[in-house]
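Naming: A, B, ... by sequence-line order, numbering from 1 per chain. These numbers come from the heavy atoms of this one structure, side chains and all, not from hydrogens, waters or symmetry mates. Computed from a prediction, not measured in an experiment: that's the story for all the values here.
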Amino acid sequence: MPELPGSRSDYLSDLNPEQRAAVVHEGSPLLILAGAGSGKTRVITTKIAYLVRERGVDPESILAVTFTNKAAREMAERARRIEPRAERAVLRTFHSFGAWFLRRNGHLAGLDSNFVIYDDDDSTTLLGTLMEETTRAEAARTAHRIARAKDYFMTPDDPSLAIIDHRPEFRAIYAAYEEKLGRIGNVDFGDLIKKPVELLRNHPEVRDRFRQRFHVVLVDEYQDSNVAQFELLKELCGPETYLCVVGDDDQSIYRFRGAEVRNILDFPDRFPGTEIIRLEKNYRSTEPILAVASSVVDRNLDRLGKTLVSTRGSGKKPTLAFLDDQDAEASFCAELVERSVAGKGGEPKGGAPAKAAYSDWAILYRTNAQSLGFETEFLRRRIPYKVVGSLKFYEREEVKDALALLSFSINPRDEVAFRRVVNKPTRGVGAATLERIVDASAPGGDLAAASRSLAPSLSAKARAGIGAFLKTVEEGSGFLDGGQARTPGGKKAGGLAAGEGLSPFVVHLVVESSLADYHRAQDEIAGTQRIANLQELANAASLYPASREGLAEFLEHIELDRAMESADASDDAVTLITLHNTKGLEFRRVVMTGLEQGVFPRDDKKDEELEEERRLFYVGSTRAMDELYLTTCAARRLYGRTQASVPSLFLDEIADDAIRVVGRKPPSYLSDHDGYASPPAHGSAATGSASPRGGAASADGLWRVGGRLFHDDYGYGSIRSVREGTEGPVVVALFETGREVRFLPRFQSSAFMRVGSDA
DNA sequence: TAGTTTTAAGTTTTT
DNA sequence: CTTAAAACTA
């Protein structure tokens with residue numbers, strides 16, 4: 001049957017046997033365990049094309065869900081390239097599918113089709129109105145717990161709620177939050193999954209309709225799915241539905257936000273008759289890189305188990321560098337980059353070094369805060385770089401303000417939006433007035449109407465302020481209801497030509513309003529780009545129709561696809577990126593930095609969390625195609641304080657002959673990890689110390705007479721004498737306060753440090 | 001009500 | 001150290 005003559009390119013013959021088996025498989029549920037770099041996306045896109053082309057499946061009956069918009073776009077693009085008809089398949093993220101579902105069916109659950117989606121910040125604000133005597137930080141914590149409860153598909157009356165939050169009052173807070181959110185008529189991220197499941201359960205006719213619509217359900221990155229998403233799949237998949245999930249349990253790194261590894265580990269049990277296909281051929285990395293990656297993740301106990309085999313064969317052995325501190329780490333990375341770009345590959349042997357581009361390089365770190373050191377050093381050396389993921393366009397104050405104003409104009413019950421912008425710029429509507437208005441309206445009532453009816457009883461200042469605010473909103477409303485024909489003022493907005501959809505509206509409400517004046521003033525003072533950001537927002541709106549529905553759609557797009565992609569992807573620059581953000585990416589050369597206890601792994605208290613950190617190591621190291629470097633520092637500045645650090649536990653898990661070591665291993669690295677943090681140690685010999693010569697020094701050469709010290713309690717001082725005791729060096733120091741103190745460096749950690757002569 | 005000073009806290013974060 | 005929110009004062 002699949003033998004179509006001539007006309008098609010033989011896309012199946014490009015696949016390896018396992019990939020092909022996964023593509024042509026049908027019947028039972030299928031779990032594809034796809035290791036890093038094993039051609040997962042290729043399999044899933046080819047499968048869509050195959051189903052349409054060879055099996056005569058109607059593309060509109062195929063639902064493929066991913067976790068990121070980027071992945072969804074890439075999948076759509078690649079499937080379409082093989083089979084143009086695949087364009088009609090429903091290819092969405094879980095959340096955008098949920099929103100799509102609720103806009104059509106939400107009325108059955110009392111939800112207006114133009115609902116606005118609240119992000120975590122909005123949920124926190126809403127919760128703040130319910131928990132009056134708590135700080136915002138506490139409200140944020142509770143909001144997070146509620147989000148987790150929804151990830152686990154728990155309602156406020158769920159008996160297991162204590163697993164999420166053991167406080168007895170949590171149940172009531174969660175219930176109150178749900179009640180208020182419902183009255184306002186909006187939803188949060190968790191609702192986009194949870195509400196469709198509930199609706200499908202309560203309305204069998206809707207469920208059956210969907211089961212008739214989608215015959216094939218495909219899920220990408222299944223290891224990142226949460227319990228609620230699993231429930232959604234169960235509702236969507238009837239006995240006739242073909243379900244295929246693709247994932248890698250070793251790449252599950254979002255546990256902290258509800259991802260449930262058990263979903264993939266238990267998939268064969270939950271869906272009886274499941275067939276498992278393993279994709280273990282890695283097309284990305286050389287063998288030595290995979291050896292390092294595997295050696296760490298292999299220590300995990302809870303995994304399905306897979307052995308990646310490189311199709312690229314041998315290559316350069318990964319390098320582990322022991323360095324002094326984060327400054328040394330930054331310059332180490334900078335030098336690696338500079339030398340490779342100049343064509344002087346770092347290695348004396350191994351043939352002619354290939355000349356690298358800046359874009360071949362990625363510097364990986366555990367936390368965003370670590371990027372700063374690299375940025376400073378790269379800036380100084382004029383190495384082009386781009387920081388991925390720190391843009392946070394949607395989190396900017398002016399953007400959030402603009403979105404709040406837009407949200408309020410389609411939903412005057414939106415208390416969160418109202419609170420945010422009613423007195424911005426300051427119009428004389430303070431906390432007292434605001435509370436009066438909110439109290440005057442019924443819970444979840446129309447706040448614009450409440451403001452209007454209360455206005456006569458307010459002070460002149462507050463009345464004028466409310467009036468100005470309402471005028472702005474009403475003009476916006478009129479525009480939306482009147483349709484495109486009634487462009488406010490008839491002027492060409494912000495240089496945009498006519499027929500720009502929603503743009504003129506956004507320009508009027510946001511770029512030309514008093515709110516914009518406020519931000520324009522901020523631009524003057526702080527030299528920021530706020531107005532430019534608002535203009536960008538307005539430009540993006542041109543793609544949506546000038547109606548309430550169009551505005552809701554626009555807001556949904558902003559809320560669900562926050563990765564405002566900067567178009568500088570073609571620039572030749574080093575990538576600075578968190579480990580989490582690298583999933584799905586690949587680079588020729590990768591440096592994983594900060595391999596220290598407390599940094600990475602960040603926390604070694606709980607076994608399950610440690611296993612997740614190991615997976616993060618696996619994800620990071622398998623991004624590298626040709627070269628992999630690991631760095632670890634003897635000391636690290638954190639919150640302005642320098643602390644001694646111990647090399648990461650993961651470094652112990654790599655076989656000695658699997659990695660090339662640069663710099664000196666500290667003694668503690670060889671023995672135990674639970675021991676004392678050693679004082680600034682190993683790098684000093686390698687970097688060359690300029691500390692004073694002569695006089696007694698400790699056996700390890702770190703403590704010299706005359707050396708400078710800093711102690712949290714005693715301040716600055718200098719070393720008077722050093723001798724070897726049974727517990728290591730014994731140092732006597734005279735501090736500036738005149739105090740003379742004797743101590744054992746071994747028992748000192750954060751409170752005490754050497755002051756480098758380079759400092 | 002609005003601006004200033006003090007104090008507290010600090011992961012990762014596809015949606 | 002750096003940032004953001006709470007507390008405080010004009």
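Between A:K424 atom NZ and B:dA2 atom P the separation is 13 Å, expressed in whole Å. At whole-Å resolution of the value, CD in A:Q370 and C1' in B:dG10 are 13 Å apart. Taking atom CZ of residue A:R92 and atom C1' of nucleotide B:dT14, one finds them 17 Å apart after rounding to whole Å. Following rounding to the nearest Å, A:E138 (CD) and B:dA9 (C1') show an atom-to-atom distance of 14 Å. In this structure, CG of A:L91 is placed 16 Å from C1' of B:dT14, rounded to the nearest angstrom. Atom pair A:R148:CZ and B:dT15:P shows a separation of 15 Å (rounding to whole Å applied). Taking atom OH of A:Y618 as the reference point, atom P of B:dT12 lies 24 Å away to the nearest angstrom. Straight-line distance from the CZ atom of A:R614 to the C1' atom of B:dT12: 18 Å, rounded to whole Å.
A side-chain donor from one of A:T631 and A:E329 sits under 3.5 Å from a side-chain acceptor of the other. With hydrogens and angles left out, the side-chain atoms of A:Q370 and A:T367 include a donor and acceptor closer than 3.5 Å. Between the side chains of A:E231 and A:Q229, no donor-acceptor pair of N or O atoms lies under 3.5 Å. Counting only N and O atoms by type, the side chains of A:S225 and A:N263 include a donor and acceptor under 3.5 Å apart. With 3.5 Å as the limit, one finds no donor-acceptor pair spanning the side chains of A:Y618 and A:N300. Residues A:R436 and A:S457 have side chains that bring a donor and an acceptor to within less than 3.5 angstrom of each other. Defined by atom type and a distance below 3.5 Å, a donor-acceptor pair is present between the side-chain atoms of A:N411 and A:N186.
Within the 4.0 angstrom heavy-atom criterion, only backbone atoms of the sugar-phosphate kind lie near A:N69; the bases stay farther away. The residue A:A71 sits apart from the nucleic acid: no heavy atom pair falls under 4.0 Å. Here A:F94 lies out of heavy-atom contact (under 4.0 Å) with every strand. A:S459 comes within 4.0 angstrom of no nucleic acid atom, judged by non-hydrogen atoms across all strands.
The residue among A:L434 and A:S96 whose nearest nucleotide of DNA chain B lies closer to the 5′ end is A:L434. With DNA chain B read from its 5' end, the first of the two nearest nucleotides for A:D120 and A:N423 is the one closest to A:N423.
Outside the 6.0 Å centre-distance limit, the rings of A:Y385 and A:F374 are not counted as a close aromatic pair.
A tilted orientation is assigned to the rings of A:H580 and A:Y254, their planes being inclined by 30° to 60°.
Note on A:N581: a side-chain N or O is less than 4.0 Å away from OP1 or OP2 of B:dT13. Taking only side-chain nitrogens and oxygens, A:T426 comes nearer than 4.0 Å to OP1 or OP2 of B:dA2. Of the side-chain N and O atoms in A:N368, none sit less than 4.0 angstrom from OP1 or OP2 of B:dG10.
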Q | Per-nucleotide protein contact string for nucleotides 2-10 of chain C, where B marks a base within reach and S marks sugar-phosphate only (heavy atoms under 4.0 Å, - for neither) | A | ---SS----
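In this structure, of B:dT11, B:dT15, B:dT1, it is B:dT11 that holds the atom nearest to the side chain of A:R602. Among the nucleotides B:dG10, B:dT14, B:dT15, the one closest to the side chain of A:D561 is B:dT15. Considering only the side chain of A:Y254, B:dT14 comes nearest among B:dT14, C:dC1, B:dT15. Taking only side-chain atoms of A:K461, from C-beta outward, the nucleotide of B:dT12, B:dT1, B:dT15 with the closest atom is B:dT1. Across B:dT15, B:dA2, B:dT12, the shortest atom-to-atom separation from the side chain of A:T367 is found for B:dT12. Ranking B:dT14, B:dT15, B:dT13 by closeness to the A:F189 side chain, first place goes to B:dT15.
With hydrogens and angles left out, the side chain of A:R257 and the base of B:dT14 share no donor-acceptor pair within 3.5 Å.
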**Q.** Canonical and wobble pairing (Watson-Crick, G-U, under 3.5 Å) of DNA chain B, dot-bracket with |
**A.** ||||||||||.....
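Remark: A:R103 is positioned above the aromatic ring of A:F115, its terminal NZ or CZ atom under 6.0 angstrom from the ring centre and at most 45 degrees off the axis.
In the displayed structure, A:E608 atom CD is contacted under 6.0 Å by at most 12 heavy atoms of other residues, nucleotides or ligands.
Stacking between A:F256 and the base of B:dT12 is present: ring centres sit under 5.5 Å apart and the planes differ by under 30 degrees.
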